[in-house]
Amino acid sequence: SIVDPAKSGSVDFFASAGNDQISSWYPQKRHGLFTYFFLNALGGAADKNGDKIVTASEMQEYLTDRIPPAARRLHGRVQTPYFSGDLNRVISQY
């Protein structure tokens, strides 16, 4: 389940790319790069310690490890995801 930020009193923010960057498409997966990896992460791929919880820190690390090399490989460009918020916040429990 996804945690409701309105109940927690603050909002975390993920962006697919920096201000001066283009968000890339992932043709083989029929999603944007960010969306593809974000959805995988929510489902548990980002759960580094295996506790069935994905924190913002784990999400950020997962996205940062995967999106930039994929954007370079697929499109020859820079795409760096951005996060602002509480790194300890639970993003997903599965």
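Rounded to the nearest 0.5 angstrom, Ser23 OG and Arg77 CZ are separated by 9.0 Å.
Heavy-atom minimum distance, Ser92 versus Leu42: OG-O, 2.8 Å. Nearest heavy-atom pair, Ile53 versus Glu58, reported as atom, atom and distance to 0.1 Å: O-OE1, 2.9 Å. Considering all non-hydrogen atoms of both residues, Asn88 and Asp86 come closest at N-OD1, 2.8 Å.
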* To do: Please assess Arg89 against Thr55 for the test side-chain hydrogen bond (donor to acceptor under 3.5 Å, both in side chains), listing each intermediate value before the final yes or no.
  => CA-CA 5 Å; Arg89 183 164 334 273; Thr55 64; over 6 Å; no
* To do: Might you work through the side-chain contact (heavy atoms from CB on, under 4.5 Å) test for Val54 and Tyr94, ending with a clear yes or no?
  => CA-CA 8 Å; Val54 177; Tyr94 62 97; 4.3 Å; yes
* To do: Could you walk me through whether Arg66 and Leu63 pass the side-chain contact (heavy atoms from CB on, under 4.5 Å) test, one step at a time?
  => CA-CA 5 Å; Arg66 284 157 183 81; Leu63 297 175; over 6 Å; no
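In this structure a side-chain-to-backbone donor-acceptor pair under 3.5 Å is present from Thr64 to Gln60. The main-chain N or O of Thr80 is found under 3.5 Å from a side-chain atom of Gln21 such that the two form a donor-acceptor pair. Distance alone, capped at 3.5 Å, is enough to place a donor-acceptor pair between the Gln79 side chain and the Ser16 backbone. In this structure, the side chain of His75 engages the main chain of Trp25 through a donor-acceptor pair within 3.5 Å. With hydrogens and angles disregarded, no donor-acceptor distance shorter than 3.5 Å links the side chain of Asn40 to the backbone of Ala45.
Ring to ring, Phe14 and Tyr82 are not that close: their centroids are 6.0 angstrom or more apart.
Pairs of residues two or more places apart, or lying in two chains, never qualify as ring-ring contact (aromatic ring centres under 6.0 Å, His included) while including a residue from residues 46-70.
Phe83 and Met59 end up in the same hydrophobic cluster when Ile, Leu, Val, Met, Phe, Trp and Tyr side chains are linked at under 4.5 Å. The hydrophobic cluster containing Ile67 does not contain Phe13, counting ILVMFWY residues as joined when their side-chain heavy atoms lie under 4.5 angstrom apart, directly or transitively. Note: the hydrophobic cluster containing Val78 does not contain Phe37 (ILVMFWY, side chain heavy atoms under 4.5 Å, direct or indirect links). The same ILVMFWY cluster, assembled from side-chain heavy atoms under 4.5 Å apart, contains both Leu39 and Tyr36.
The salt bridge (Lys or Arg N to Asp or Glu O under 4.0 Å) search around Lys48 returns Glu61, not counting sequence neighbours.
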